[in-house]
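Data first, discussion second: the structure below is written as structure tokens.
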Amino acid sequence: IQDTCDDLELFYESINFDLDDPLEKPSPSGTIKLKHVFPLSTEVREKQKGREEVEIIFQAATGGQKNVFKSRLLSDKRLLAMAFMKDSSDLNDVESFMKEGNIAKSLKHPAILETYDFGIDETYGPYMVMPWIEGETLHEILKNIRLGVKEYIDQFPLEQLLKYFREVCEAVAFAHNQDVIHLDLK
């Protein structure tokens, strides 16, 4: 990926992506057609031709670096979580995002969310695509237990919570064994 990231500035110039004005990027909405222009090879893009039309359902979350959208791949109706960089004007941040995508795509473990794709779209900028997982976060569950909500206390006994904790620990251990350290584990 380092060779790929070294060419980011030239790539941005080639697609006329305005590094100085990240606000020019539209926020994805409605039905969009991603142009998998980078870093995927022409051969991979050709295989995906006709399958990249995506319906943006709603913005599900926002973080420091990304906006996450619940989306649907129109070809097979699969639900997706699509993360787009908020600000792609700093090439170091883009490089970091691309490295994260490469690392995430390489980690195959039952407790680690699969990354289907990542790249840079000429309209929306850097993105990552993962499966959409319905349900509440562990943070929300623990908050409701702390608040004494009986439904949560009954549904998530200590043994179940410890099972989840063990799965998280196993995923982190797996990543560490692959020389990957998560710097923002929540």
Side-chain angles (χ1 to χ4, degrees), residues 1-12 15 17 25 28 32-57 59-88 90-135 137-138 167-186:
I1 189 92
Q2 183 60 49
D3 292 337
T4 304
C5 289
D6 287 342
D7 295 332
L8 275 173
E9 192 162 4
L10 290 173
F11 167 73
Y12 267 20
I15 63 169
F17 196 85
K25 272 190 323 188
I32 65 171
K33 187 163 185 151
L34 282 179
K35 297 176 185 129
H36 297 274
V37 292
F38 183 84
L40 300 175
S41 68
T42 303
E43 178 184 328
V44 171
R45 284 196 308 273
E46 284 303 311
K47 284 182 187 175
Q48 293 178 339
K49 202 170 189 168
R51 290 192 281 161
E52 61 273 331
E53 201 164 38
V54 175
E55 174 190 7
I56 301 294
I57 299 170
Q59 184 171 340
T62 188
Q65 189 183 36
K66 301 173 220 153
N67 289 321
V68 179
F69 297 84
K70 180 177 182 179
S71 310
R72 178 179 297 114
L73 191 61
L74 293 182
S75 62
D76 65 7
K77 306 300 184 207
R78 185 173 15 159
L79 291 176
L80 307 170
M82 298 186 67
F84 291 90
M85 270 189 85
K86 286 181 178 179
D87 178 357
S88 53
D90 184 329
L91 286 177
N92 290 325
D93 289 344
V94 173
E95 180 179 354
S96 176
F97 186 89
M98 299 303 287
K99 284 180 180 178
E100 179 184 341
N102 192 49
I103 290 167
K105 194 166 172 104
S106 73
L107 293 175
K108 306 292 185 210
H109 186 275
I112 297 176
L113 193 61
E114 180 180 3
T115 297
Y116 293 144
D117 189 19
F118 68 97
I120 299 176
D121 177 75
E122 63 187 34
T123 303
Y124 303 106
Y127 67 90
M128 263 185 246
V129 182
M130 296 146 282
W132 176 262
I133 306 296
E134 289 289 344
T137 65
L138 184 56
E167 290 172 5
V168 170
C169 291
E170 289 171 355
V172 170
F174 173 80
H176 288 178
N177 284 334
Q178 307 299 311
D179 295 325
V180 173
I181 298 174
H182 197 299
L183 300 176
D184 190 25
L185 194 61
K186 295 176 182 92

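Of all heavy-atom pairs between T115 and K105, the closest is O-CG, 3.6 Å. Across Y127 and D117, no two heavy atoms sit closer than the pair OH-OD2, 3.4 Å. Closest non-hydrogen pair, P131 versus Y116, comes out as CB-OH, 3.4 Å.
E167 is linked by a salt bridge (charged side-chain N to carboxylate O under 4.0 Å, His left out) to K163, counting only residues two or more places apart in sequence or in another chain. By the ring pair (Phe, Tyr, Trp, His ring centres under 6.0 Å) test, H109 pairs with F174, sequence neighbours left out. Listed by chain and residue number, R166 satisfy the side chain to side chain donor-acceptor pair (under 3.5 Å) test with E170 (two or more places apart in sequence, or in another chain).
Separating the CE atom in M98 from the CE atom in M128 is a distance of 8.5 Å, to the nearest 0.5 Å. Here the CD1-CE distance, from I112 to M130, works out to 13.5 Å after rounding to the nearest 0.5 Å. To the nearest 0.5 angstrom, D87 atom CG is 11.0 Å from N67 atom CG. Note: M85 CE to E100 CD = 9.5 Å, rounded to the nearest 0.5 Å.
Classified by interplanar angle (parallel below 30°, tilted 30° to 60°, perpendicular above 60°), the ring pair F84/Y124 is perpendicular.
With contacts defined as side-chain heavy-atom distances shorter than 4.5 Å, the pair K70/E134 qualifies. Annotation: side chain of W132 is not in contact with side chain of R72 (no heavy-atom distance under 4.5 Å). Side-chain atoms of T62 and K86, non-hydrogen and from C-beta on, do get closer than 4.5 Å to each other. F97 places a side-chain heavy atom less than 4.5 Å from the side chain of K66. Two residues are said to be in side-chain contact when any heavy atoms from C-beta on lie closer than 4.5 Å; H176 and I181 meet this criterion. In this structure, the side chains of I57 and S71 stay at 4.5 Å or more apart for every pair of heavy atoms.
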